[in-house]
Protein chains: 2
Amino acid sequence: MAKAQPSAAALDTVDRRILSELADNPELTNKALATRLGLAESTCAYRVRALRDNGVIVGRRLDVDASSLGYPLQALIKVRLGSHSKEHVERLYDDLAATPGVIQAFHVAGADDFYLHVAVEDAEALRDFVLHHVTVYRVVRQTETQLVFDRREGPGVLPRETR
Amino acid sequence: MAKAQPSAAALDTVDRRILSELADNPELTNKALATRLGLAESTCAYRVRALRDNGVIVGRRLDVDASSLGYPLQALIKVRLGSHSKEHVERLYDDLAATPGVIQAFHVAGADDFYLHVAVEDAEALRDFVLHHVTVYRVVRQTETQLVFDRREGPGVLPRETR
DNA sequence: GGTGAAACCTAACACCG
DNA sequence: CGGTGTTAGGTTTCACC
């Protein structure tokens, strides 16, 4: 999570509309975006750039279908640690988050827990993943694996356009 | 999770390199991508389009910093249901996944559980979210909320370029 | 399937209201 | 600060290999 600048510049209505539109359709060209909002292209480009420079827009991510690549099975693996030094925990988190197959990793409050969202080939690969990439660490006290039937993107913090 | 066409077309080396490059840098222009791979621009554009048409590349997503928008607190909310009809569960899942503040929703195997990854203004808003948007449903038997200290993108199923 | 070049479209920047 | 015009650069198409 990027340490946010203390709430950066306040966003006006136009900024919010830009974000909404781009959230709905991230592939919009600047020209199309400007047209939708009734702005000049230059103005629109300027605002978008400013949003980037202020860290509001972090970037874009490629959305790849794991199934098509031969990893049709997804799981959420809860990793519970014993209590340990901050450095150890951070180090392990780094390693786990960088493990191939991991789509995303969460470090959550509580009993030093991580959640790993992974994609694998099949059930056997899932077992192997847990055994070879998670429980190999001494610090890991217990794991709990749940198959992911479905994952969905929510609206997030940008309510759908209300026009 | 998009129901994958039964493993679609097999991907060759070039396809994999395209995906790796775009995963590393989703903002690459087609021209730059072609140059990196040593392909003609037209060829490169053609392959990328094919990957899209085959559903391998689903699209791009805008990466917005929730903190900058005034939602600095993130949480993972585990929602456990009683046993219910498929329609009821699906309906509830739809509703929850579409609730403002929800970044992503998981439907996992087990005791009919959902996980909601949410972003909120502060602790009070988090409490209100759980009370007003989750536990209001009769079907919800119990919830468990954990603060998210950090979330990280993993490499996923596309191992970093090995060149 | 891959290529190169022309025609078309978009973005960047300096300038003007 | 928002709008316009020019130039540089990117994408698409198509005949050809």
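In the text below, chain A, chain B and the rest are named by the order of the sequence lines, each starting its count at 1.
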Quiz item: Is there a chain of hydrophobic side chains (I, L, V, M, F, W, Y, each step under 4.5 Å between heavy atoms) that links A:Leu37 to A:Tyr46?
Solution: no

Exercise. Mind calculating the distance between NZ (A:Lys31) and P (D:dG3) to the nearest angstrom?
Key: 16 Å

Quiz item: C:dA11 C1' sits how many Å from B:Glu27 CD, rounded?
Solution: 14 Å

Quiz prompt | Base C:dT10 paired with A:Thr29 side chain (donor-acceptor, <3.5 Å) | solution = no

Quiz prompt | Integer-rounded Å distance: C:dC9 P and A:Leu33 CG | solution = 20 Å

Exercise. Grab the two heavy atoms, one from B:Val130 and one from B:Thr145, that are nearest each other, plus how far apart they are.
Key: CG2-OG1, 3.7 Å

Exercise. Kindly point out which of C:dT3, C:dA11, C:dG1 is positioned nearest to the side chain of A:Glu41?
Key: C:dA11

Exercise. State whether A:Arg47 places a side-chain N or O below 4.0 Å from either non-bridging phosphate oxygen (OP1 or OP2) of D:dC1.
Key: no

Self-check item: For atom CG of B:Asn30 and atom P of C:dT10, their distance in whole Å
Solution: 15 Å

Practice problem: For B:Tyr46, answer base if it contacts any base atom (sugar-phosphate contacts may also be present), sugar-phosphate if it contacts only those atoms, and nothing otherwise; contact means non-hydrogen atoms under 4.0 Å. | Solution: sugar-phosphate

Exercise. Say whether, by atom type as modelled, one donor and one acceptor occur between the side chain of B:Arg60 and the main chain of B:Pro26 under 3.5 angstrom.
Key: yes

Exercise. Taking all heavy atoms of A:Gln146 and all of B:Ala109, pick out the closest pair and write down the distance.
Key: NE2-O, 3.2 Å

Quiz item: Can you check the B:Leu39 CG to C:dG2 P distance for me, whole Å?
Solution: 7 Å

Quiz item: Side chain of A:Thr43: nearest nucleotide among C:dA12, C:dT10, D:dG3?
Solution: D:dG3

Quiz item: How long is the line joining CG of A:Leu28 and C1' of C:dC9, in whole Å?
Solution: 16 Å

Self-check item: Among D:dT12, C:dG4, C:dT10, the nucleotide that comes nearest once only the side chain of B:Ser42 is considered
Solution: C:dG4

Quiz item: Which of these nucleotides, D:dT4, C:dT3, C:dA11, is closest to any side-chain atom of A:Ala40?
Solution: D:dT4

Quiz prompt | Spacing between A:Arg49 atom CZ and D:dC1 atom C1', to the nearest angstrom | solution = 17 Å

Quiz item: Are the side chain of B:Tyr93 and the backbone of B:Ala105 linked by a donor-acceptor contact shorter than 3.5 Å?
Solution: yes

